[in-house]
Every structure is written in structure tokens, then in C-alpha cells.
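Working notes for the structure below.
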Amino acid sequence: FWTITKGWGATKDTSDPMDALKATVKFIRGLYVLVNFHLLWKAPDMIQTIKDVAFQCRNNEGGAVTLVFVSNVNDVPAELARDFTRLDFSLPSEDELKELAVKFSENAPAIKFPQDPSSLVNAGKGMTGSEYTDALASMLVKEKAYNPNTVLGEKVKILERSSIRY
């Protein structure tokens with residue numbers, strides 16, 4: 001994993017984004033993950049470096065090197081769109097949300113979990129698993145009870161911080 005704060009870590013240390021990209025062409029065959037790189041890739045020299053590195057990684061003598069850019073936004077510059085494969089991950093199902101809520105409730109046994117958590121689950125629809133558990137935590141801290149309206153309020157805050165208009 002590469003992050004701007006930790007670079008490639010102990011064995012391939014570089015936190016400079018341009019150096020981090022250029023270093024990947026020397027890596028042996030494998031999969032290398034760059035986290036939150038979308039914050040850096042709009043500059044023309046970065047776009048060209050990504051294109052150059054992508055070509056070199058595909059034709060690496062030591063075997064193909066695959067770069068994975070992890071981002072929470074779909075904001076790939078048009079110049080790079082052909083070099084990227086986008087993978088979307090689905091949001092939790094109702095059953096998965098219920099399971100998350102039940103597991104979460106096990107960590108707060110003093111607070112009575114509802115017999116029918118369907119309204120709590122419905123409030124969490126459209127949230128990621130971590131957003132949902134964060135909303136549950138916020139709800140218990142603020143109200144010391146299970147309240148779907150608090151989960152909905154947390155969802156509104158998430159939407160307001162995003163580029164999604166509701």
C-alpha cells in the first residue's frame with residue numbers, strides 16, 4: 001500500500017507521489033495499491049506520468065505490475081479513462097445491515113436492542129457498512145437508545161458532505 005504519509009513503507013519508501021509512481025516500474029510482478037491518489041492526479045505532468053507508468057507496468061520484464069488506485073470518488077481525468085478499469089462495490093443488503101446492527105448491539109448490551117430492527121435497517125439503506133456503524137455509534141452516544149431518525153440524520157450529513165444531491 002502507498003499513502004502520501006507513509007510512502008510504500010519500509011521496503012519501498014517514498015511519499016513523493018511522482019517518485020512513488022516512477023518506482024512502480026522497477027517493482028516485481030504483483031498488485032500495488034495507491035490510496036487517495038485521486039487528490040493528486042489532475043496536474044498535466046502527473047497525468048502523463050501515470051500514462052507512462054501504466055504502459056511500462058504492462059510491459060515490465062519482471063512480469064506485469066498492476067496498480068490499484070483506491071478512491072471514494074469517481075473523478076478519473078478524461079486522459080486516463082482508457083487506462084483505468086473501474087470497480088464498484090455494492091452497498092450492504094438489508095440482511096447485512098441487520099447483521100451489522102446486531103453485532104454492534106453486542107458491544108452495547110446495556111442499551112435495549114429493538115425486537116424488530118427493520119426501521120433501523122431501513123434507515124441505513126444507501127450507507128456503506130462503516131457509515132452505518134458510525135451512525136449507530138453516534139446514535140448511542142447522543143441518545144443512549146436505538147432511534148432510526150438519528151441514523152437518517154447521519155445519512156443526511158453524509159449526503160450534504162458529498163457531491164450527491166438529494
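Sequence positions, counted from 1, serve as the residue numbers for this chain.
When all heavy atoms of His38 and Ser71 are compared, the pair lying nearest together is ND1-OG, 3.1 Å. Here the shortest heavy-atom pairing between Pro77 and Ile47 reads CB-CD1, 4.0 Å. Scanning all heavy atoms of the two residues, the minimum distance from Ile50 to Trp41 falls at CD1-CB, 3.7 Å. Annotation for Cys57 and Thr24: closest pair SG-OG1, 3.8 Å, computed over non-hydrogen atoms.
A continuous path of ILVMFWY side-chain contacts below 4.5 Å connects Val35 to Leu31, so both sit in one hydrophobic cluster.
Residues passing the side chain to side chain donor-acceptor pair (under 3.5 Å) test with Asp83 are Lys51, sequence neighbours excluded. Every residue was checked against the side chain to side chain donor-acceptor pair (under 3.5 Å) condition with Glu79, not counting sequence neighbours, and none meets it. The side chain to side chain donor-acceptor pair (under 3.5 Å) check on Thr3 picks up Thr5, with sequence neighbours excluded. Partners of Lys22 by salt bridge (Lys or Arg N to Asp or Glu O under 4.0 Å), not counting sequence neighbours: none found.
Taking the six-membered ring where tryptophan is involved, the planes of Phe27 and Trp8 are perpendicular, since the angle between them exceeds 60° and thus also 30°. The aromatic rings of Phe69 and Phe84 sit tilted, their planes meeting at an angle between 30° and 60°.
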For this session: Go through Leu67 and Phe37 one step at a time and tell me if the side chain to side chain contact (heavy atoms under 4.5 Å, CB included) criterion holds.
Result: CA-CA 11 Å; Leu67 301 179; Phe37 209 84; over 6 Å; no
Exercise. Given Leu140 and Tyr146, is the side chain to side chain contact (heavy atoms under 4.5 Å, CB included) satisfied, shown in steps?
Worked result: CA-CA 7 Å; Leu140 293 184; Tyr146 289 92; 3.9 Å; yes
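Ion pairing of Glu160 with Lys157 is absent here, as no side-chain N (NZ or NE/NH1/NH2) approaches a carboxylate O to less than 4.0 Å.
Side-chain contact between Leu136 and Met139 is present, with heavy atoms from C-beta onward closer than 4.5 Å. Using a 4.5 Å heavy-atom cutoff, the side chains of Met18 and Thr49 are in contact. Between Leu40 and Ile4 the shortest side-chain heavy-atom distance falls below 4.5 Å.
The 12-atom threshold is not exceeded at CZ of Phe1, counting heavy atoms of other residues, nucleotides or ligands nearer than 6.0 Å.
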Could you tabulate the donor-acceptor pairs under 3.5 Å formed by side-chain atoms of residues 97-112, not counting sequence neighbours?
from, atom 1, to, atom 2, distance (Å)
Glu99, OE2, Lys103, NZ, 3.3
Ser105, OG, Val102, O, 2.6

Side chains of residues 121-133: which donor-acceptor pairs under 3.5 Å do they make with residues two or more places apart or in other chains?
from, atom 1, to, atom 2, distance (Å)
Asn122, OD1, Lys125, NZ, 3.1
Asn122, ND2, Ser118, O, 3.3
Lys125, NZ, Glu94, OE2, 2.8
Thr128, OG1, Ser130, OG, 3.4
Thr128, OG1, Glu131, N, 3.1
Thr128, OG1, Glu131, OE1, 3.4
Glu131, OE1, Thr128, N, 2.9
Tyr132, OH, Leu120, O, 3.3
Thr133, OG1, Gly129, O, 3.2
Thr133, OG1, Ser130, O, 3.2

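Of the possible donor and acceptor atoms, none in the side chain of Trp2 sits under 3.5 Å from a partner among the backbone N and O of Pro17.
Note that NZ of Lys142 is 7.0 Å distant from OG1 of Thr150, once rounded to the nearest 0.5 Å.
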